[in-house]
Amino acid sequence: MTDKPRYRKDESMTQAVFLDRDGVINEVLTERVTFVNEPGDFHLLDGVGEAIKLLHDKNYFVFVVTNQGGIGLGYMTKAALKMVHEQMQADLAQYGAVIDDIAYCPHAPHAGCFCRKPEPQMLLDLAAKHNIDLSESYMIGDREPDISAGKRAGVKTVLISQKERHTASADMLFPDLFTFTSWLDDA
């Protein structure tokens with residue numbers, strides 16, 4: 001499922017950065033928050049607002065692709081998820097940053113749906129909707145299902161991890177989103 005886009009960029013843009021949400025954009029499994037089931041649980045990670053603003057300045061669409069199995073498990077509703085995403089957009093707006101569109105899988109883990117990462121369907125749907133060249137785009141996540149979805153969609157993959165060595169099969173490894181965005185300046 002996708003939320004309605006809040007921001008539309010120049011139609012000629014074809015590059016995108018697909019971001020997993022929890023662990024890339026916001027805190028999860030920290031002392032402050034375990035899961036993000038309501039707006040009060042949402043806390044941007046350091047540098048994320050600045051990074052997303054820089055991605056827009058570099059003419060990338062920025063999308064969120066997130067598994068939200070808590071809906072399918074009954075821990076939250078779609079209305080609560082919408083409020084969390086409104087909080088995310090409000091927090092990012094303080095940095096002049098926006099998310100162009102959001103896709104989420106509301107199904108429970110192991111439901112056998114076609115949209116839950118590691119399946120690539122959310123990326124493919126957003127790419128078709130926004131005329132994105134997948135070969136010139138990136139999927140950034142903090143877990144193997146994010147990386148697998150990106151590879152299956154045909155994008156370059158980036159793992160966000162504080163560990164020097166990680167078992168995920170990503171094309172690139174960065175400690176955070178801001179470091180990746182700064183690397184794009186030199187690429």
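All figures in this text were calculated on a predicted structure; none of them were measured in a lab.
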Just verifying a value: how many Å separate Gln121 CD and Arg152 CZ, rounded to the nearest 0.5 Å? 10.5 Å
Which residues share a side chain to side chain contact (heavy atoms under 4.5 Å, CB included) with Leu73, sequence neighbours left out: Tyr75, Ala108, Pro109
Below 4.5 Å, heavy atoms only, C-beta onward: do His56 and Val62 meet side chain to side chain? yes
Between Arg21 and Val36, is a side-chain contact (heavy atoms from CB on, under 4.5 Å) present by the stated rule, with each step listed? CA-CA 10 Å; Arg21 194 190 77 188; Val36 181; 3.5 Å; yes
Pairs meeting criterion side-chain hydrogen bond (donor to acceptor under 3.5 Å, both in side chains) with involvement of residues 35-55, two or more places apart: Arg32-His43, Lys53-Asp57
Decide yes or no for Arg143 and Asp20: does some side-chain heavy atom of the first lie under 4.5 Å from some side-chain heavy atom of the second? no
Do Val48 and Val28 share a hydrophobic cluster, counting only Ile, Leu, Val, Met, Phe, Trp and Tyr and linking them when any side-chain heavy atoms are less than 4.5 Å apart? no
If you group Ile, Leu, Val, Met, Phe, Trp and Tyr by side-chain heavy-atom gaps below 4.5 Å, do Met88 and Ile160 land in one group? yes
Within this structure, what is the OH-CG distance for the pair Tyr138 and Leu123, rounded to the nearest 0.5 Å? 14.5 Å
Answer yes if Met83 and Val98 sit in the same cluster of Ile, Leu, Val, Met, Phe, Trp and Tyr residues linked by side chain heavy atoms under 4.5 Å apart, and no otherwise. no
Rounded to the nearest 0.5 Å, how far apart are CD1 of Ile140 and CZ of Phe180? 4.0 Å
Looking at side-chain heavy atoms only, is the closest gap between Tyr95 and Ile52 below 4.5 Å? no
Kindly indicate whether the side chain of Lys129, heavy atoms from C-beta on, has any atom under 4.5 Å from the side chain of Asp125. no
Under 4.5 Å between side-chain heavy atoms, counting indirect links through other Ile/Leu/Val/Met/Phe/Trp/Tyr residues: same cluster for Leu92 and Val84 or not? yes
Enter the distance from Thr34:OG1 to Glu27:CD here, rounded to the nearest 0.5 Å. 11.0 Å
Ile132 vs Leu126 side-chain heavy atoms within contact, under 4.5 Å: no
Using residues 65-72 as the side-chain source, report each donor-acceptor pair under 3.5 Å to any protein atom, sequence neighbours left out, with the distance given to one decimal.
residue, atom, partner, partner atom, Å
Thr66, OG1, Gln68, NE2, 2.6
Asn67, OD1, Lys117, N, 2.9
Asn67, ND2, Lys117, O, 3.1

4.5 Å side-chain heavy-atom contact, Glu119 and Phe114: no
Only counting residues at least two apart or in another chain, list the ones meeting ring pair (Phe, Tyr, Trp, His ring centres under 6.0 Å) with Phe178. none
Taking ring pair (Phe, Tyr, Trp, His ring centres under 6.0 Å) as the definition, give me every residue that meets it alongside Phe63, ordered by chain and number, with sequence neighbours left out. Phe18, Phe61, His130
Answer yes or no: is there a side-chain heavy-atom contact under 4.5 Å between Met172 and Leu159? no
side-chain hydrogen bond (donor to acceptor under 3.5 Å, both in side chains) pairs touching residues 170-182, sequence neighbours excluded, are Lys151-Asp171, Thr157-Asp171, Asp176-Thr179
For residues Ala149 and Pro120, report the shortest heavy-atom separation together with the two atoms involved. O-CB, 3.5 Å
Heavy-atom closest pair (Phe42 atom, Ile25 atom, distance to 0.1 Å) is CZ-CG2, 4.0 Å
What closest approach, in Å, do Ala80 and Thr77 show between heavy atoms, and which atom pair accounts for it? N-OG1, 3.0 Å
Can a donor-acceptor pair be found, under 3.5 Å and without considering hydrogens, that links the side chain of Glu144 to the backbone of Ser169? yes
Group every Ile, Leu, Val, Met, Phe, Trp and Tyr by side-chain heavy-atom contacts under 4.5 Å, then state whether Val24 and Trp183 land in the same group. yes
Does the side-chain contact (heavy atoms from CB on, under 4.5 Å) test come out yes or no for Val158 and Val17, once each step is laid out? CA-CA 10 Å; Val158 177; Val17 175; over 6 Å; no
Trace of the side-chain contact (heavy atoms from CB on, under 4.5 Å) decision for Leu134 with Leu124: CA-CA 8 Å; Leu134 291 169; Leu124 298 174; 3.7 Å; yes
Any chance you could lay out the side-chain contact (heavy atoms from CB on, under 4.5 Å) test for Gln89 and Ile99, step after step, and finish with the verdict? CA-CA 7 Å; Gln89 293 282 22; Ile99 300 297; 3.5 Å; yes
Minimum side-chain heavy-atom gap Leu177-Leu45 below 4.5 Å: no
Closest approach of Lys156 and Ser135, non-hydrogen atoms and distance? CE-O, 3.4 Å
